[in-house]
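Report on one structure; see the data block that follows.
Just so it is clear, the values below take in all heavy atoms, side chains as well, and ignore hydrogens, waters and symmetry mates.
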Amino acid sequence: MFPRSTNETFAQKLYQTFKDHKRFSKPKLARSDFTISHYAGEVTYQTELFLDKNKDYVVAEHQELLSASKCSFVSGLFPPLPDSSKSSKFSSIGSRFKQQLQALLETLSVTEPHYIRCVKPNNLLKPAIFENNNILQQLRCGGVMEAIRISCAGYPTRKPFREFVGRFGILAPDVLIGSCEEVSACKRLLEKVNLKGYQIGKTKVFLRAGQMAELDACRSEVLGRSASVIQRKVRSYLARKNFVLLQFSAVQIQALCRGQVARYQYECMRREAASVKIQRYYRMYLSRNAYQKLYSSAVLIQTCIRGMAARCDLKFRKQTRAAIIIQSQCRKYLDRHHYLRIKKAAVIMQCSWRGKVARRELRKLKLAAKETGALQAAKNKLEKQVEELTWRLQLEKRMRADIEEAKTQENAKLQSALQEMQLQFKETKVLLFKEREAAKMAAEQTLVIQEVPVIDHEMISKLTTENEQLKAMVNSLEKKIDETEKKFEESSKLSEDRLKQALDAESKIIELKTSMQRLEEKLSDMETEDRILRQQTLLNSSSRRMSEHLAISTAEPKENGHNEPLSALPSKKFGMSDSKLRRSQIERQHENVDSLIKCVAQNIGFSEGKPVAAFTIYKCLLHWRSFEAERTSVFDRLIQMIGSAIEDQDNNDHMGYWLSNTSALLFLLQRSLKSPGTVPRKPPMPTSLFGRMTQGFRSSSANLSVGPLDIVRPVEAKYPALLFKQQLTAYVEKIYGIIRDNLKKDLSPLLSSCIQAPRTSRGNVLKSSGGSNGNSPPTSPWGGIIDNLNGLLCTLQENFVPPVLAQKIFSQIFTYINVQLFNSLLLRRECCTFSNGEYVKSGLAELELWCCRAKEEYAGSSWDELKHVRQAVGFLVIHQKSRISYDEITNDLCPILSVQQLHRICTLYWDDNYNTRSVSPDVISSMKILMTDDSNDDDDDGSSFLLDDNSSIPFSVDDISSSLQEKKFSDIKAPEELIENPAFQFLQD
């Protein structure tokens, strides 16, 4: 049909052809889709594979073969077609469907069809169960409701004028009086009956459904009323005839009596009215005279008092103004005089203080060289103290081990002795118990034999002595047990004291080591300063001139990592002109660091989607071996450079650039730096930065072949490198927080207007959001939010920020939107309405569309962060809330909301469009019961229905490493500014 057309060209042709059709519209956010407004609603069609249906044609031979099948079902599916033209031989599926649809329409137009609609009563497929909402949804989707509406909208009843007037003329007899046409009579008759929605045709009257029944009901009512009226008239005529005779006689009598009484009452009333009128006028006269006297006196007093007050006020204002002018001039003179004196004194003080500070700095510089010897001696003393403390600590550990062994042996001996004593104690107890029983038996026998009282004194004495001995043994055993327990406690106390002493000694050793490191750093700084001063003196003296190559080749580092002073180097000529002086090594090293920082501080862009600045810094530090240095200032200068670069916190583009560079550098450090002990030992290298850079210069100047360095390799990191890694982590978190807070700051004024629909467009919120013209720019706050999110997403993509950081930023931003919108719904009653729910729901749909377009790589799970406001808005826009139970709300509609939040929304809800009610009182009472139970369990529920915003840092260094694991840094090109410098030739290798 369209041999060279595509889906997009087909869509453009549809847009051009049907752009003015009322049933055809173009979606806002799609290029090849179109929307058709059916009777049941708008349906969006996609043009993908639309043209393929017209290209899929049916072969005529296949058609004939299948139509000739012996199976009736197959032959019925493919009836034979008439060979009318050549086009039918290659007819497509679309054309076949069009022909079948045309035949069906012709059949329907000829016949009078009737439809039977089957409805599924419930989803359980059981009898006697009707689900109203499900059945209503099926009727709406099947078009039954629309068909009923269309039939009701028509005119099923039609009557000619003559028949209509003849049948219903009794409803308004005055219409038929006189000579009038049937059309006008029908119109006046229908107006009298107050019918609406009818139509008058040329020969008939067209009535809507039910109006004919109303007219028949009115006609039967008029006929019944007429019969009752006739009966009433006849009966009333007979009754009236008798009543008139009686009434005439009664009226004559009553008239005479009432006339007499009325004349008497009239005379009394006339006299009373005259007296009241006289009294009223007299009282009015007296009151008016008194009021006029009082009014005149009050006016006179007020005028006098006001005039006196105005004169006093004018006098006071003149005096105040004059005093203010005098005071201002006086204060001006005094302040000017005091300022000139202070200025003069400050200038003198500044001059004297600056001179004093300059002299003090000069003395410090003079004494700096003398202090190196004292610092070296203090270092030696501290080393000796550390050795002594380590020896003492080892001795203490050995003594502690010996004491613990002796203690364990002694405890084992005491425990064995204690067990033996306990066994002896038990045996003595058993013997004593037996002897007591024997004594009791003997006493019973003596009681039985009373005639011969014989007392064995020897046995009693023996028993008493044995009893006393057993008691003494028990007491001695108890004392021994107490003594052993005391010894055990004393030994445990001694061990604890010795353990504390050992820990104190270890802490002192650690402190001494840190102080030694500090002193070594001071000493190295003093030596470098001394070296610089000596080099300056050598440069000033014209007699000593050196060759650059000779100085580099002869400068050998000592074992402690420091170089010999340049004054001790021999001066030789190596072929260069004597007029050029060699710059010092330290100045060259500082210049290289300065050139690196100057280049990196600028925006040098990206290479192959990776930041060039981070790669350059890492490769320079790796080449200079700064990670293995115990003292260096390169890391501090880099940290200062990053801190000064991110001072402009309002520029998200600048912040995104530095977030990409710092995160990439942190990833490289994470993969490269290892703690001491995890990397195999290397031969000793110069410990100072300048020695390592000198070695690099020596190797480059001597044209030695150096193998290519690995881009990322494990390095044994010292304390400065680990500290730099921690500081860099803190800067990554700081830049991340700045970008997030900037976006929050931009979104906060928009969110305040997003929660409440504008009054001018509150009724047409959905229309304006869904069918706005493409020419007019979006003015809604939701459009502003989408623009801000798109701007930040473009910034992060342009700066190649790791996707994990973008996911965390947008997740926290969506959490902030959720908290702000949800808290506004709970705190403002004017926002908790049906129309605002529709407005917020349309905005959330735009956010969902943005998440789909941003893809999961950058959006992540941001859409899930809006679950509170999504469920609250979904509850607001539900119709017939009074029919919903509490279980349906908590389980299906709002499972994540708490009872306090649901109760707040249900009590604040009000419908400004349809005046629908909120949930039933039973649901609210059950919520209150649950709230009281929760309040009894937990007392801190004063503001439990509000949400809190989380501003923490939701990622770690491992997350960044996992996101950048697949990137390769071997194909990054170094900046040309550094490549042109001969000291940075290693960047090209």
Practice task
Determine the minimum heavy-atom distance between G784 and L750, stating which atoms define it.
Solution key: C-CD1, 3.6 Å
Completion exercise
The salt bridge (charged side-chain N to carboxylate O under 4.0 Å, His left out) partners of R162 (sequence neighbours excluded) come to E182
Please report, to 0.1 Å, the donor-acceptor pairs under 3.5 Å made by any side chain of residues 260-268, with sequence neighbours excluded.
residue : atom : partner : partner atom : Å
Q260    : OE1  : R263    : NH2          : 3.1
E267    : OE1  : R270    : NH2          : 3.4
E267    : OE2  : R270    : NH2          : 2.9

Practice task
Taking salt bridge (charged side-chain N to carboxylate O under 4.0 Å, His left out) as the test, write out the residues that go with D313, two or more places apart.
Solution key: R317
Practice task
Indicate yes or no: at least one non-hydrogen side-chain atom of Y886 is less than 4.5 angstrom from one of D922.
Solution key: no
Problem - Residue that, paired with V869, satisfies side chain to side chain contact (heavy atoms under 4.5 Å, CB included) out of L947, I817, L821 - result: L821
Just distance, no hydrogens or angles: give the donor-acceptor pairs under 3.5 Å from side chains in residues 277-294, sequence neighbours left out.
residue : atom : partner : partner atom : Å
S287    : OG   : R283    : O            : 3.1
N289    : ND2  : Y285    : O            : 3.4

Problem - Those residues that, when tested against R158, pass side chain to side chain contact (heavy atoms under 4.5 Å, CB included) (two or more places apart) - result: K204, F206
Problem - Side-chain donor or acceptor of Q901 paired with backbone N/O of S898 under 3.5 Å - result: yes
Exercise for the section: Go through the steps for L946 and F822 under the test side-chain contact (heavy atoms from CB on, under 4.5 Å), then give the verdict. Expected result: CA-CA 8 Å; L946 296 178; F822 187 77; over 6 Å; no
Practice task
Not counting sequence neighbours, which residues clear salt bridge (charged side-chain N to carboxylate O under 4.0 Å, His left out) with K192? List them please.
Solution key: D174
Exercise for the section: Assess whether side-chain contact (heavy atoms from CB on, under 4.5 Å) is satisfied between L207 and K159, documenting all intermediate values. Expected result: CA-CA 8 Å; L207 300 177; K159 289 285 184 180; 5.6 Å; no
Practice task
Decide, yes or no, whether a salt bridge links K187 with E191 under the criterion of side-chain N to carboxylate O below 4.0 Å.
Solution key: no
Problem - Flag, side chain of Q199 to backbone of R208, donor-acceptor distance under 3.5 Å - result: no
